[in-house]
Amino acid sequence: MSDPIQKDLNEQQAAAVMHGRGPLMVLAGAGSGKTRVVTRRIARLLREGVRGSEILAMTFTNKAAGEMAHRVQDLGGPFVRIATFHSACARFLRADAALLGYPEHFTIYDTYDRDSAIRSLLEDLGLDRLKVKPSAVGSTISRLKNTCMSPQDLATGSSDLARVVEQVWQPYRDRMKQLGAMDFDDLLLNFLKLLREHPDTAEQYRARFSWILVDEFQDTNRVQYDLLRELAPKDGNVCVVGDPDQSIYGFRGAEIRNILDFEDDYPGTTVVRLEQNYRSTAVILRAAETVIANNKQRKHKRLRTDNEEGQPLYLFRAAGAAEEAQTIADRIHGLLGEDVSLDEIAIFYRTHWLSRSIEQALKDKGIPYEILGGLSFFERREIKDLLAYLRVLVNPLDDVSMERVINVPTRGIGKSSVDKLKRAGHEAGMSLREAVGEPSLHAIVPPKARKALQQLAAVLDKAQAATASLGAHGALAAILEGTDYLNHATSLGDPEDIAREENIQELVSDVTAFDEKNEEGLGGYLQHVSLLTSQDRAQDDGPRVQMMTVHAAKGLEFDHVFLVGLDEGVFPSMRSVDTEDGIEEERRLMYVAITRGRRTVFCSSAKERMINGQTDRMQPSRFWKELPKDCVQAYESKWHSFEQEPDSGEAWSVDPDPGLEATVAIQRGLRVRHDLFGNGVVRSVSGRGGSMRAVVRFLDGVERELILEYAGLKVVDHGADW
DNA sequence: CCCGGTAAACTTTTT
DNA sequence: GTTTACCGGG
């Protein structure tokens with residue numbers, strides 16, 4: 001068959017691709033060609049005359065969305081916009097924001113901004129000083145929103161947190177509206193609200209999107225499900241694709257129920273099961289299936305494969321994290337010798353902090369690697385500062401952003417001045433930005449601050465004018481020039497100066513590139529970047545070993561997979577072991593991790609691990625024991641008599657007194673030696689006793705701040721002339 | 001108001 | 001080990 005759309009499809013895949021009208025649910029097991037089915041189905045619809053604008057396809061990550069759009073084009077289709085739930089809602093909301101009393105260019109707050117807003121709210125309400133953290137309040141509110149609950153549903157009165165949440169709940173909503181801001185959850189909730197309160201508008205959306213497709217359906221939460229029901233009537237042309245065994249986002253409100261009960265909610269649903277795995281060896285698949293079979297809440301599904309048996313899963317139980325890391329680095333080195341490409345190797349872990357020891361081992365062996373996730377480009381301080389300036393230009397109501405930068409770079413407008421100005425502005429019905437631009441309100445602050453405010457207002461006005469005439473990059477240039485921010489961020493005298501300069505340059509290029517490709521201006525740019533995540537910036541520096549959390553690994557596949565930290569209390573995580581549901585979700589995570597591997601899977605655990613500064617004894621994970629015996633084999637480490645790492649604690653635990661002596665002797669100008677970083681010179685010393693620390697400049701030119709008690713510095717000599 | 005120093009908390013997982 | 005928040009002197 002030469003038709004590219006039907007080429008090489010098995011019977012079930014073809015059924016899903018060719019299905020006509022009416023609800024369709026595709027239960028796609030791991031590695032069963034899900035993406036292929038989705039993209040071909042879209043391509044097929046387009047070929048049969050459906051216009052791209054009639055299709056609403058939603059995924060959970062920008063990466064998945066981009067990949068799908070790309071593959072549809074490869075099949076000869078036109079460009080179709082495939083969006084994440086959040087970006088689709090943001091776009092729709094922008095068009096109809098006025099209906100909800102929001103400005104068109106509302107600001108999207110990330111978790112950090114949200115917590116800033118809550119912190120300021122707690123202060124205003126006099127609820128600070130209770131030791132409730134804004135982030136705890138923020139995440140509780142988020143959880144409630146995602147599950148369509150209200151504070152009354154919390155176990156009432158039992159905790160300070162519950163009480164604070166109850167008191168902040170409504171004020172937070174009011175404040176966000178006043179700020180012209182929405183958090184991630186609001187994007188979904190407010191769009192749902194829009195559809196429900198404006199039936200005519202809802203009808204327009206239903207008429208506009210006659211074909212709806214949702215990927216990773218097992219990860220939808222209640223709000224997303226309700227949105228779908230608003231957009232797609234019971235007999236609508238809605239196609240959902242997912243795998244209940246890969247539902248791993250329960251913590252942010254995802255309900256597997258949505259996929260388990262889809263057939264009940266959409267009567268007459270056609271169900272297609274993709275049960276042929278094309279990805280992994282038979283051994284890997286059998287191991288994964290055996291583990292997941294321990295879950296009780298499952299939809300019946302059984303994966304088959306015609307692939308070869310393959311190598312057993314290697315199990316390695318290390319003495320500690322250092323041995324675990326070095327053994328993995330060692331084995332990767334071996335794989336590279338067998339002509340395996342670096343980017344076909346991936347290392348997965350349950351939490352980010354497990355990556356540290358691995359990172360060190362790879363660095364030592366000179367193996368190139370890349371860590372996905374963690375701090376994203378747009379979460380860096382200097383970038384957030386500049387974006388805050390830009391946000392204020394587009395949305396003058398955004399006090400959180402204005403407050404962030406009103407004294408950055410420091411210009412003599414301290415906290416008390418800001419508070420005064422805020423209050424005065426508030427009484428006059430003005431936002432902070434407006435108060436900054438209102439000279440009559442400046443009298444209440446000291447002369448120095450007054451002058452600074454006038455200058456700041458001038459810079460903002462100038463940047464605003466530049467936005468209109470030159471677009472987003474003009475605005476950024478005006479801010480950079482008016483505030484001297486580049487100089488401020490790159491003269492702190494620490495080693496990050498260079499990185500910050502590069503980041504700012506990159507932001508400039510990014511903004512400029514956006515202006516060249518888009519007509520949406522600064523507002524469009526800000527909305528665009530608000531929804532980007534750390535996964536979305538693919539830097540192409542040649543092939544590298546990929547390191548990421550198991551969550552981030554979903555949807556990806558690699559020839560060789562390393563799964564580290566299979567310790568009870570780490571994976572499954574300590575917080576999950578209390579409940580059956582928690583354990584089942586962790587087990588699904590395990591299933592996701594194993595099924596990423598095409599050829600080999602290597603699992604490791606450690607007998608002891610440093611957690612929160614103290615070394616704990618670890619038991620192997622229960623999932624480790626659930627792996628079938630006939631699929632596993634103990635890994636023979638090359639390290640027959642493993643050499644204890646110098647930094648593994650023995651240096652000072654065996655003989656702490658001499659170490660302490662040495663720390664007392666550390667002083668500025670001394671040449672010292674660190675076990676990991678090598679030789680360096682002490683630049684400054686601070687603190688005393690147990691928290692005494694020193695800034696040391698090492699031979700690689702990097703200055704590091706070290707806690708003397710832990711660092712185990714040794715004095716080399718008195719090379720004073722550095 | 002700013003900066004340096006000191007102490008404490010911190011580690012799920014993400015749009 | 002790292003990062004951030006708070007406190008007190010200049």
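Proteins get letters first, then strands, A, B, ... in listed order; numbering begins at 1 in each. Heavy-atom basis, side chains included; hydrogens, waters and symmetry copies ignored.
- Between dT4(C) and dT13(B), the distance separating the two C1' atoms is 23 Å to the nearest Å.
- Among the atoms of the strands shown, base atoms are found under 4.0 Å from some heavy atom of Thr111(A).
- At least one side-chain nitrogen or oxygen of His352(A) sits closer than 4.0 Å to the OP1 or OP2 atom of dT14(B).
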Assess the residue pair Ser621(A) and Asp567(A) against the criterion (side-chain hydrogen bond (donor to acceptor under 3.5 Å, both in side chains)); give the C-alpha distance rounded to whole Å, side-chain angles, the decisive distance to 0.1 Å, and a yes or no. CA-CA 4 Å; Ser621(A) 164; Asp567(A) 309 322; over 6 Å; no

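- Counting only heavy atoms from C-beta on, Ala552(A) has its side chain closest to dT14(B) among dT13(B), dT14(B), dC2(B).
- Using a 4.0 Å cut-off between a side-chain N of Lys or Arg and a carboxylate O of Asp or Glu, Arg622(A) and Glu568(A) qualify as a salt bridge.
- Place Ile413(A) and Phe184(A) on DNA chain B by their nearest nucleotides, and Ile413(A) ends up nearer the 5' end.
- Relative to the ring axis of Tyr225(A), Arg257(A) places its NZ or CZ within 45° and under 6.0 Å from the centre.
- One N or O on the side chain of Thr220(A) and one on the backbone of Phe217(A) form a donor-acceptor pair closer than 3.5 Å.
- If you measure from atom CD of Glu359(A) to atom P of dG1(C), you get 15 Å, rounded to the nearest angstrom.
- Between the side chain of Arg252(A) and the base of dT15(B), no donor-acceptor pair of N or O atoms lies under 3.5 Å.
- A close approach under 4.0 Å does occur between a side-chain nitrogen or oxygen of Ser417(A) and OP1 or OP2 of dC1(B).
- To the nearest whole angstrom, the two C1' atoms, one in dT11(B) and one in dC6(C), are 22 Å apart.
- A stacking contact links Phe251(A) to dT13(B): the aromatic ring centre lies within less than 5.5 Å of the base's six-membered ring centre, and the planes differ by less than 30°.
- When rounded to the nearest whole Å, the span between CZ of Arg114(A) and P of dT14(B) equals 15 Å.
- Going from atom CD of Glu585(A) over to atom P of dT13(B) covers 13 Å, rounded to whole Å.
- If you measure from atom OH of Tyr591(A) to atom P of dT13(B), you get 24 Å, rounded to the nearest angstrom.
- Taking every side-chain heavy atom of His86(A) into account, dT15(B) is the closest of dT15(B), dT13(B), dC1(B).
- Picking from dT15(B), dT13(B), dC10(B) the nucleotide with the shortest atom distance to the side chain of Lys133(A) gives dC10(B).
- Following rounding to the nearest Å, Ile406(A) (CD1) and dC1(B) (P) show an atom-to-atom distance of 11 Å.
- The side chain of Thr549(A) sits closest to dT14(B) out of dT11(B), dC1(B), dT14(B).
- Separating the CD1 atom of Ile108(A) from the P atom of dT15(B) is a distance of 14 Å, rounded to the nearest angstrom.
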Before you tell me yes or no, could you show the steps for Val291(A) and Arg587(A) under side-chain contact (heavy atoms from CB on, under 4.5 Å), namely the whole-Å CA-CA distance, both residues' side-chain angles and the distance that decides it to 0.1 Å? CA-CA 7 Å; Val291(A) 171; Arg587(A) 193 176 277 116; 3.7 Å; yes

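- When heavy atoms are screened at a 4.0 angstrom cut-off, Ser576(A) is found touching no nucleic acid atom at all.
- Using a 4.0 Å heavy-atom cutoff across all strands shown, Asn407(A) reaches sugar-phosphate atoms only and no base atom.
- When heavy atoms are screened at a 4.0 angstrom cut-off, Phe85(A) is found touching no nucleic acid atom at all.
- Sequence order on DNA chain B of the closest nucleotides to Glu586(A) and Gly412(A) puts Gly412(A) first from the 5' end.
- Between the CG atom of Asp219(A) and the P atom of dT15(B) there is a distance of 11 Å, rounded to whole Å.
- Judged by distance alone, with hydrogens and angles left aside, the side-chain atoms of Thr140(A) form a donor-acceptor pair with the main-chain N or O of Ala136(A) at under 3.5 Å.
- Checking the phosphate oxygens (OP1, OP2) of dT13(B), no side-chain nitrogen or oxygen of Ser573(A) falls inside 4.0 Å.
- For the pair Lys554(A) NZ and dT15(B) C1', the computed distance is 12 Å after rounding to whole Å.
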